[in-house]
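Just below is one structure, and these are the notes that go with it.
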Amino acid sequence: MSRVPGWLGRVGAGLTEMSRRLDQRRAEVESEDGGPVPPAGHPAPSVDHVPPPPDYAPAVRARPDPAQAVPWGVRVAAEAGWRLLVLAGTVWVLMRVISAVQLVVLAFVAALLMTAVLQPTVARLRRHGVPRGLATALTAILGFVVMGLIGWFVTWQVMENIDTLSDQVQDGIDELRRWLLNSPFHVTDKQINEIAKNLREAVGANTEQITSMGLEGVTVVVEALTGLLLAVFSTLFLLYDGKRIWEWTLKLVPAAARPGVTGAGPRAWRTLTAYVRGTVIVALIDAIFIGLGIYFLDVPMAVPLAVFIFLFAFVPLVGAVVSGALAVVVALVTQGVFTAVMTLVVVLAVQQIEGHILQPFILGRAVRVHPLAVVLSVAAGGMVAGIGGAVVAVPLVAVTNTVAGYLRAYSREAALRQAPKPHGATSTDAAPAADAPASPVSPAPPVSPPSPPEEPRPPQTPPE
């Protein structure tokens, strides 16, 4: 037991010597790294102490926010991209809904167009003291009777001249064949017979398809009659109760946007009315002059052709080409090449007068649409809804252009009214009235928004 304390003392001394050597080794390492060397007799620095970096060491930045690391142009493109995707999805869903109820939509649009034609007559009768119901009934009956008489007259003319037309077509084909044989195109009789044989074989091989197309035509006729009835009833209600319908529509608009929509509605209606009236007048002039030209050229069924020219004129650009080509083909197969060439001259002359004189003078700047916008809108409308879509495409673009220009000008003037005014300035010194700037679709006329906004006014019926 006496030796135990001595053994423990030697162990403690050995541990003390080992600790001293470790401290010296640590001091040597820190001296080699450039760190401070603790003086003798002082305890070593704490292990948690981190020496400052030397002056020559490069500065290390903290990593930036990932959103800030993306270039500004890419961020703007991404923000615009997802919004465009949302808009595209909304438009796609809307087009799907419209396609599902296409017949109802086209019938209502046709009712709007007919209302734009008949509403001035209702307003005139109301100004002369005629009750609203009686004025609506008289106008609708007169309009529908006139359209029915025109349809009956065209059908009667076609049935009366169908036999004569068949004989004239056969004579025209024979004359065309003789002209081809004697023409500088070096067409032989064998080639003409081969073409006729191929046509007969094509008709015989596609008999089932032609029959199915005929059955589909019956379905189209039924749908057309249904749409016509819907359009007639919609027209009656729009003529009679247009004011209440417009006021009810305004209730669906948010209160913040209601003043602007209230002012844009009557302007959109005036644009639509001006377009329909101008198109009717231009189509009537085209039909009259082209009909007189083909009548004096002794082309058969001049009156039905004139009616077709009138109807096709409601499809901008495309309708004029189709109706003119139809008149030229009928003249070619019935009267020969010379008459067909003269018919083509008449059609082109009338269409040039229409494009350069009638449309700018009658339609005016209020509904002027750029030709490129006309072509694109007609093509898109035809792809979406066929002939009906092509008919309503241009008035839809014209109305949209008017509404967008007015709302843009209205919001600009509202912002000017809410902006703080300089000291001593009056309301008239702040800025001139905000005019609607020219749209990329068409050079619409300047529009000054009302101040204060107009009260809701019906575009269909005059105020009582």
Side-chain angles (χ1 to χ4, degrees), residues 146-185 187 189 192 195-196 199-200 202-203 210 217 221 224 278-359 362 378 387 390-391:
V146 170
M147 288 187 286
L149 288 176
I150 292 175
W152 170 81
F153 183 73
V154 171
T155 305
W156 175 66
Q157 285 289 313
V158 172
M159 297 303 296
E160 285 289 327
N161 295 277
I162 190 67
D163 295 333
T164 306
L165 180 64
S166 178
D167 297 337
Q168 290 179 339
V169 167
Q170 185 62 41
D171 296 339
I173 292 175
D174 294 339
E175 183 178 353
L176 180 62
R177 179 173 182 168
R178 289 191 298 269
W179 181 82
L180 289 175
L181 291 174
N182 299 324
S183 67
F185 299 109
V187 180
D189 190 50
I192 296 176
I195 293 173
L199 289 175
R200 287 193 297 269
V203 173
I210 295 175
V221 169
T279 304
V280 169
I281 294 174
V282 171
L284 187 61
I285 294 175
D286 287 353
I288 290 175
F289 282 96
I290 295 178
L292 288 176
I294 61 180
Y295 175 78
F296 287 116
L297 289 174
D298 202 19
V299 177
M301 293 199 308
V303 175
L305 286 176
V307 174
F308 282 121
I309 291 171
F310 173 80
L311 296 177
F312 276 99
F314 285 90
V315 182
L317 298 180
V318 179
V321 175
V322 173
S323 60
L326 179 62
V328 172
V329 169
V330 173
L332 177 64
V333 299
T334 56
Q335 300 296 327
V337 178
F338 177 76
T339 304
V341 172
M342 295 304 298
T343 303
L344 179 62
V345 170
V346 171
V347 170
L348 292 178
V350 174
Q351 290 180 356
Q352 290 298 315
I353 295 174
E354 170 201 339
H356 294 86
I357 298 177
L358 295 179
Q359 286 189 354
I362 295 176
V378 170
I387 297 178
V391 171

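Computed over heavy atoms, backbone and side chain alike; hydrogens, waters and symmetry mates excluded.
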Would you mind writing out the side-chain donor-acceptor pairs for residues 308-316 within the sub-3.5 Å range, not counting sequence neighbours?
none

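The CZ atom of F289 sits 10.0 Å away from the CG atom of L284 when rounded to the nearest 0.5 Å. With rounding to the nearest 0.5 angstrom, the CG atom of L292 is 11.0 Å from the CG atom of L297. Summarising the geometry, atom CD1 belonging to I281 is positioned 12.0 Å from atom CG belonging to D286; distances are rounded to the nearest 0.5 Å.
Contact detail for A340 and A331: the closest heavy-atom pair is CA-CB, 3.9 Å. Counting all heavy atoms, side chain and backbone alike, A306 lies closest to G291 at CB-CA, 4.0 Å.
Counting heavy atoms from C-beta outward, L305 and V299 have side chains that approach closer than 4.5 Å. The side-chain heavy atoms of T339 and D298, taken from C-beta on, include no pair separated by under 4.5 Å.
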